[in-house]
Enquirer: 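Before anything else, here's the structure in question.
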2 protein chains.
Amino acid sequence: MPVTLHDVAQAAGVSIKTVSNVVRGQGSFSDATRARVDAAIEELGYRPNLAARGLRSGRLGVISLIVPDIRNPYFAELADAVMTAAAAHDLLVLLEQSRGDRDVELELLRGNRTQMVDGILFSVLGLVDGGPELPEGIPNPVVVLGEPVPGWATDHVTMRNAEGAQAAVRHLLDDGRTRIAALGALHGRRTGTAALRLAGYRQALADAGIGYDPALVVDVGVWSRSAGAEGTRRLVRAGDFDGLLAFNDAMALGAMRVLEDSGRKVPADVAVVGFDDIDETRYSVPALSTVKPALEDIAATAVAYLIDRIGRADAGPPRAHRAGVELLVRESSSALSRR
Amino acid sequence: MPVTLHDVAQAAGVSIKTVSNVVRGQGSFSDATRARVDAAIEELGYRPNLAARGLRSGRLGVISLIVPDIRNPYFAELADAVMTAAAAHDLLVLLEQSRGDRDVELELLRGNRTQMVDGILFSVLGLVDGGPELPEGIPNPVVVLGEPVPGWATDHVTMRNAEGAQAAVRHLLDDGRTRIAALGALHGRRTGTAALRLAGYRQALADAGIGYDPALVVDVGVWSRSAGAEGTRRLVRAGDFDGLLAFNDAMALGAMRVLEDSGRKVPADVAVVGFDDIDETRYSVPALSTVKPALEDIAATAVAYLIDRIGRADAGPPRAHRAGVELLVRESSSALSRR
DNA sequence: TTGAAAGCGCTAACAG
DNA sequence: CTGTTAGCGCTTTCAA
C-alpha cells in the first residue's frame, strides 16, 4: 500500500536509481528530471522507508541519549541541547533512562536496543568507577557525557568541575564565610563529577588556609531536591555553618527549603551556591547563585565526536573536551541582600 | 562483519528459521535445540538487526513523543511516565520538540522522520484550534496528549481540566479570597487546555455569585516561569487581588517570585494555586498548592491506545480518556500559615 | 547522466 | 518440530 521508490520511478518515467538520487540530493541528474521526479513524489505522497534505508546503508539517522532521570532539570536541559545539536546534523534522538543504576546502565549498553541507533551519548552515573568487560561487544560508538569512565577507551565531554567548585567556594570565602559545607559528596568514589567538585572545594579551602572539616561534607545518594533537603537536615542537626556549596542546583533548592524551615535566613545566616544553572534558579526565593556550564558547547561537541566515530572504526585515540564554567552570583550568596 | 542469523544457524547446526524462532520465543522447538541456539548466540555475540526486522515486519518497536519543550518540568515528568509505560510494551521512545510552534508541529507530523516510528504521541500546543488538511497523509497512528484537536479523528487522552480549575478556585473562595486572578488564559482560543481551565475558573466564581472581572485574567504566551513572572507584573500594576490561579506550576512559581519582589506575602496577601504538581512545588518557599493530574494513568492509557491502533487501520472510532485530578493544598494557599 | 541487478538481515508463508 | 524460499524498500556496484 505505501508508495515506494518504484512507484515514483514509474510515475516519473525514470529509473529507481534516479529517484533515489533526487531524494537524497546525491549523484547527478538534469533539472528536467529532478522536476519530473519531484512532481511524482509530491503527487503520490512518497516518503522514504527509513528502515529499508537503514538496513541497506547501515545508518539509521538516530542516536540515543542515556541519562539517569529526565525529570532532573539538568538532564532535561541537556537533552534539549543535545536534540538541538543533533538536529543540526539531521539526527533524531532516542531517549533512555538508567535511574543511575549500574545494572540498568550495563543492560542499556548491551541490550538489543542499541541496534536501533548509530551511536550513544551516555551520561554515566552508576558506572563512574568503571565497569566489568565494558567496551566489549558494544556494537556502536559511545561518547560519555561527564567524567571519563576508568577503563573505557571512549571519547568524553565534561566540564571544568573542580574549577567551578573552587570558584564558588572562593566566592563564599570572599563574602566572609568561614564554615562552608559541601553537599553531594560521594566518599566511596575516587573518580567522577562528585570527586572533582569535592577536590575543588578542598583546594579553595586549602588556598585560604582553612582546615578541612569532614563534618561539613555530606554524602547523599541521588542528587535530587529531596536528597538535598535530607542532607541539609543532617547538616543542621550536626553543627554550625555559614556557607553551603551544593554539588547541583536541585540539592541547593532542597537545601534552601530546609534552611528556611529551620529558621536560617539565606543568605544572611547561610550563603548558598549551587551548580548547573537550571532555569528555576532564577525564580527561586532567594534566586540561587550557581556555577553555569557551557551546555551548548557540551552538546555540540559530544554530537560532533559521535558523528566522527560513526562508520569509522579507526578514528584514533579517545578524545576529551572540558567545557567552561562560569560563576553566577545571585541573591542566595550576595552580600548585598544580607543587609 | 556483524553476526547474522545465518552465522548462528550454521554454528548451531540448525536452520535460520529456527534461530529466528528461538530469538523471538515464537513457534516451537525442542529444549535441546533452544540450548544449542542460545549457546551459539552467546558465543558469537549475535544481536538482531532491528532495521531488517523493522523492514520485514513493518514494526520498528519505537514510538515518538512530541512535546513543546522538554525543559518544562511538566513535559519532563510526562516523558518519564510515557517512557515507563512504553517500556512495559517493549517500545522505545524517540523525543521531539515543537517549541509549541504550529508550523514545527505540522512539519514534525508530515516529515519523513515519522517513517522511523510505529506511532506518535503528540502533545499539541500550536495546533489546538485545529490544522489544515491535517490527518491526511500521516502514515502512522497519532494519539493526542491533551484536549482533542478540532477536525482530527484521533484518540486523545486528557485530564479533568475544568474540574481541576474549579476546585482550585472554590478552595481559594473557601479560604476567604474574593478577588481571584487567573494567569495563563489564551483569549483567542475557544478550545484546548487554557480554555477549559478558564471555564472552570469562571464556573467557580459564578457558583459563588462573584462577577467575572476581565482585568483579573491575564493572557500569556508560553506557560513558562518567565511568562508567569511577566504576567504577574502586569497584574500587580493593574490592580488588587488576594488570590491567584496559575494555569500551570511553572507560571505559579514565576508569579510567587514577583509577588515576593513586590512586597506581597504568599499566602498572607495573595494565596496562590498552580496546576500540574511538578516536583519542585514541594520545595518552593512557600510550598505551592496545586492541581495534580494522574500522570501515570495518562501515559499508560495513551500508550495503550496507540498500540491498539498500530497495525490495525480499522480500529474503530476515536476514543477519549479524561484522567482524574486532585487538589493538593500546601502552604501557598493554606489559611494556617497566614497567622 | 541514467539504468539494471544484487543483496543488506530478517520474517512469513508454506512445506516437509 | 524444523527447513526452504521469497521478498520487505532501499542503496550500491557496475554498465551503458
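All of these numbers come straight from a predicted model, not from anything done at the bench. In the text below, chain A, chain B and the rest are named by the order of the sequence lines, each starting its count at 1.
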Enquirer: Check the distance between D:dG9's P and B:Arg59's CZ and give it to me in whole angstrom.
Expert: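 Answer to the nearest Å: 16 Å.
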Enquirer: For B:Thr33 and D:dT2, is the shortest distance between a side-chain N/O and OP1 or OP2 below 4.0 Å?
Expert: yes
Enquirer: Mapping B:Val14 and B:Ser57 onto DNA chain D by nearest heavy atom, which one lands closer to the 5' end?
Expert: B:Val14
Enquirer: What's the closest nucleotide to the side chain of A:Asn49 if the choices are C:dC10, D:dT12, D:dG9?
Expert: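 Comparing C:dC10, D:dT12, D:dG9 against the side chain of A:Asn49, the answer is D:dG9.
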Enquirer: Within less than 4.0 Å of OP1 or OP2 of D:dT11, is there a side-chain N or O belonging to A:Ser20?
Expert: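 So the side-chain polar atoms of A:Ser20 do come within 4.0 Å of the phosphate oxygens OP1 or OP2 of D:dT11, strictly under.
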Enquirer: If you round to the nearest 0.5 Å, how far is CD1 of A:Ile63 from CG of A:Leu91?
Expert: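 The CD1 atom of A:Ile63 is 5.0 Å from CG of A:Leu91, to the nearest 0.5 Å.
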Enquirer: Any side-chain N or O of B:Thr4 under 4.0 Å from OP1/OP2 of C:dG9?
Expert: no
Enquirer: Between atom CG in B:Leu55 and atom C1' in C:dT11, what is the gap in whole Å?
Expert: 10 Å
Enquirer: For residues 295-307 of chain A, run the donor-acceptor check on the side chains, cut-off 3.5 Å, and write out each pair with its distance to 0.1 Å, sequence neighbours left out.
Expert:
unit_1, atom_1, unit_2, atom_2, d
A:Asp297, OD1, A:Thr301, OG1, 3.1
A:Asp297, OD1, A:His321, NE2, 3.3
A:Asp297, OD2, A:His321, NE2, 2.9
A:Thr301, OG1, A:Asp297, O, 2.7
A:Tyr305, OH, A:Ala320, O, 3.4

Enquirer: Give the rounded distance in Å between these two atoms: CZ of A:Arg53 and P of D:dC8.
Expert: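 In whole Å, D:dC8 P lies 18 Å from A:Arg53 CZ.
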Enquirer: Report the distance from atom CZ of B:Arg36 to atom C1' of D:dT2, rounded to the nearest whole Å.
Expert: 11 Å
Enquirer: Should B:Arg71 and B:Asp69 count as an ion pair when the cut-off is N to O under 4.0 Å?
Expert: yes
Enquirer: So, taking the atom named CG in B:Leu44 and the one named CD in B:Gln10, what distance separates them when rounded to the nearest 0.5 Å?
Expert: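 One gets 10.0 Å once the value is rounded to the nearest 0.5 Å.
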Enquirer: Can you tell me how far P of C:dG9 sits from CD1 of B:Ile41, to the nearest Å?
Expert: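 So the two atoms are 16 Å apart, to the nearest Å.
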Enquirer: Is any side-chain N or O of B:Arg56 under 3.5 Å from a base N or O of D:dG7, one able to act as donor and the other as acceptor?
Expert: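 Side chain to base: pair present.
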Enquirer: What is the distance, to the nearest angstrom, from the CD atom on A:Gln115 to the P atom on C:dC8?
Expert: 16 Å
Enquirer: So, taking the atom named CG in B:Asp38 and the one named CG in B:Asp31, what distance separates them when rounded to the nearest 0.5 Å?
Expert: 10.5 Å
Enquirer: What is the distance from CG of A:Asn21 to P of C:dG3, rounded to the nearest Å?
Expert: 10 Å
Enquirer: Nearest to the side chain of A:Ala52, heavy atoms from C-beta on, is which of D:dC10, C:dG9, D:dT4?
Expert: D:dC10
Enquirer: Please determine if a side-chain N or O atom of B:Thr18 lies less than 4.0 Å away from the OP1 or OP2 oxygen of D:dG3.
Expert: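 Result: yes.
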Enquirer: Between atom NE2 in A:His6 and atom C1' in D:dG9, what is the gap in whole Å?
Expert: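 From A:His6 NE2 to D:dG9 C1': 10 Å.
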Enquirer: Measuring from the side chain of A:Arg24 (C-beta onward, heavy atoms only), which nucleotide among C:dT11, D:dT11, C:dA12 has the closest atom?
Expert: D:dT11
Enquirer: Can you identify which nucleotide, out of D:dT11, D:dT2, C:dG9, has its nearest atom closest to the A:Leu5 side chain?
Expert: D:dT11
